[in-house]
There are 2 protein chains.
Amino acid sequence: MPKDATAPAPRPMRADARRNYNRIVAAAETVIAEHGAEASLEEIARHAGVGSATLHRHFPTRQALLEAVFKSRVEALCAKAHDLLSDTDPGTALVTWLRAVGAHAVANRGLGASLMRGARHGDPTLGNTCHTMIVSAGDELLACARQAKAVRPEATISQLLKLVSAIALATEEEPDGPTQADQLLNLALDGVRLHRTSRPHE
Amino acid sequence: MPKDATAPAPRPMRADARRNYNRIVAAAETVIAEHGAEASLEEIARHAGVGSATLHRHFPTRQALLEAVFKSRVEALCAKAHDLLSDTDPGTALVTWLRAVGAHAVANRGLGASLMRGARHGDPTLGNTCHTMIVSAGDELLACARQAKAVRPEATISQLLKLVSAIALATEEEPDGPTQADQLLNLALDGVRLHRTSRPHE
DNA sequence: CCATAACTGGGGTGGCCCTCCGGTTACCGC
DNA sequence: GCGGTAACCGGAGGGCCACCCCAGTTATGG
């Protein structure tokens, strides 16, 4: 039986079904890379050489398809978070990871939106696995950084991720998206205001 | 260009045309308030009691319609910016104004997106007037604040507005959007990192 | 009052998302 | 090897939408 670790199959999927499933994900990857996450589902189906009904049967909602497409990248991000946990500087580790998340969100257009919609309370089972994965991975990093007093203690991982997602979402369609996103993230991390460093002169 | 509806032209427009124009804007206002900026243009036309062709003739693109709808609010924001120019604390003035921009962007769903799309270089004449108005109004505030060394000097007004828009865009569909947006804006303004001094707010 | 040009909106086109339903095909037991 | 069965496939169609065309209508200047 052909092993593909990406899809757990309690009931074994029929061979042709799995073949089409993989085709659709591959097609979605390329089409989304070109047209963004709002790409036409029919075009994805056309590109995959299947009917639109097949696509909708395998992925009842667009979110489900995005999850399948982005799953490997999200796993890579989580792995990176785990690696960074052993970093000597938890603050820098967190920032590095957030920057990586932002870069991925800008590069894979719509990942940011996907992450945020994953936070929607509507579907408890469908389409929030990526979101919960990212949140739990980042939460550990944030906990370390907070313990090291490297970040503002009132900041939550949800807020940080939302901030990163928002920046990515806002810049992902710009010509120099990655550059702008990085600048904005730096600004947000360091703050816009200048606090008087030596003496608070209020 | 035959129509520049809001500018006082002697008689460029026939009376019925102007009547329909105003009807459409009013209808768009209510429909957008209910369904967001991605509302159906046909529903707006239906609500205004005109044909869809009339709507498209007056507003060739959705952006043009959004501009007309949000123009008064943008003008109010610009007026507020002008008022804040005479504030004693330029830093606080800038922050106050940015917060007001964010609040409006969250409240008037799609204003944020509208502002960002206004930055697109595609249409030089259509649909960036709101954007340029906001930018020039904010630029003066930023200049004052920078002169008073209240903000990081490398921050540009474009970046600040993009940040605010991004936050608004990311939170505008949440149940507690305004609250979240305000928290995120605070975070971004004060910075996530803790540097040498921790003086978040006074 | 009338000629004319501007304005209007019903209807058409094409695209999208999504769902039935009859035909097809892989799989399992014999 | 060989049906029987259930899972699977995809074309066809419905509903919705943005946008355009063209014949009819109406405000307006002379």
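Just so it is clear, the values below take in all heavy atoms, side chains as well, and ignore hydrogens, waters and symmetry mates. Proteins get letters first, then strands, A, B, ... in listed order; numbering begins at 1 in each.
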Rounded distance (nearest 0.5 Å) linking atom [atom1] of [X] with atom [atom2] of [Y]:
X: A:K162; Y: B:L184; atom1: NZ; atom2: CG; answer: 7.0 Å
X: A:L85; Y: A:W97; atom1: CG; atom2: CH2; answer: 10.0 Å
X: B:F59; Y: B:L41; atom1: CZ; atom2: CG; answer: 10.5 Å

Tell me: [atom1] of [X] to [atom2] of [N], nearest whole Å?
X: B:L66; N: D:dA18; atom1: CG; atom2: P; answer: 12 Å
X: A:Q63; N: C:dC18; atom1: CD; atom2: P; answer: 12 Å
X: B:L55; N: C:dG9; atom1: CG; atom2: C1'; answer: 12 Å
X: B:R19; N: D:dT26; atom1: CZ; atom2: C1'; answer: 11 Å
X: A:I24; N: C:dC18; atom1: CD1; atom2: C1'; answer: 14 Å
X: A:H56; N: D:dG10; atom1: NE2; atom2: P; answer: 14 Å
X: A:I44; N: C:dG15; atom1: CD1; atom2: P; answer: 17 Å
X: A:D16; N: D:dA7; atom1: CG; atom2: C1'; answer: 8 Å

Counting only side-chain nitrogens and oxygens, does [X] get under 4.0 Å of the OP1 or OP2 atom of [N]?
X: A:R62; N: C:dC17; answer: yes
X: A:N20; N: D:dC8; answer: no
X: A:S40; N: C:dC17; answer: yes
X: B:H58; N: C:dT8; answer: yes
X: B:R57; N: C:dT8; answer: yes

Students often get this wrong, so: under 4.0 angstrom with heavy atoms, is B:R46 touching a base, only sugar-phosphate, or nothing?
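The residue B:R46 makes sugar-phosphate contact but no base contact.
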Please classify the nucleic acid contact of B:A53 as base, sugar-phosphate, or nothing, using heavy-atom distances under 4.0 Å.
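Base, at least one base atom sits under 4.0 Å.
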When you compare the side chains of A:T92 and A:D89, does any donor N or O come within less than 3.5 Å of an acceptor on the partner?
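Yes.
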Are any side-chain N or O atoms of B:R146 and backbone N or O atoms of B:P153, one a donor and one an acceptor, separated by less than 3.5 Å?
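Answer holds: yes.
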Tell whether A:E42 reaches the base of C:dC18 with its side chain through a donor-acceptor pair below 3.5 angstrom.
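Result: at least one qualifying N/O pair found.
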From the set D:dG10, D:dA6, D:dA27, return the single nucleotide nearest to any side-chain atom of A:R14.
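In terms of side-chain proximity for A:R14, the closest of D:dG10, D:dA6, D:dA27 is D:dA6.
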Could you check which of D:dC8, D:dT28, C:dG9 has an atom nearest any side-chain atom of B:T54?
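Nearest to the side-chain atoms of B:T54, counting from C-beta on, is C:dG9.
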Taking for each residue the nucleotide of DNA chain C bearing the nearest heavy atom, is the 5' side occupied by B:A17 or by B:S52?
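The residue whose closest nucleotide sits nearer the 5' end is B:A17.
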Does B:E38 or B:A15 map to a spot on DNA chain D nearer the 5' end, using the closest nucleotide for each?
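Here B:E38 is the residue nearer the 5' end.
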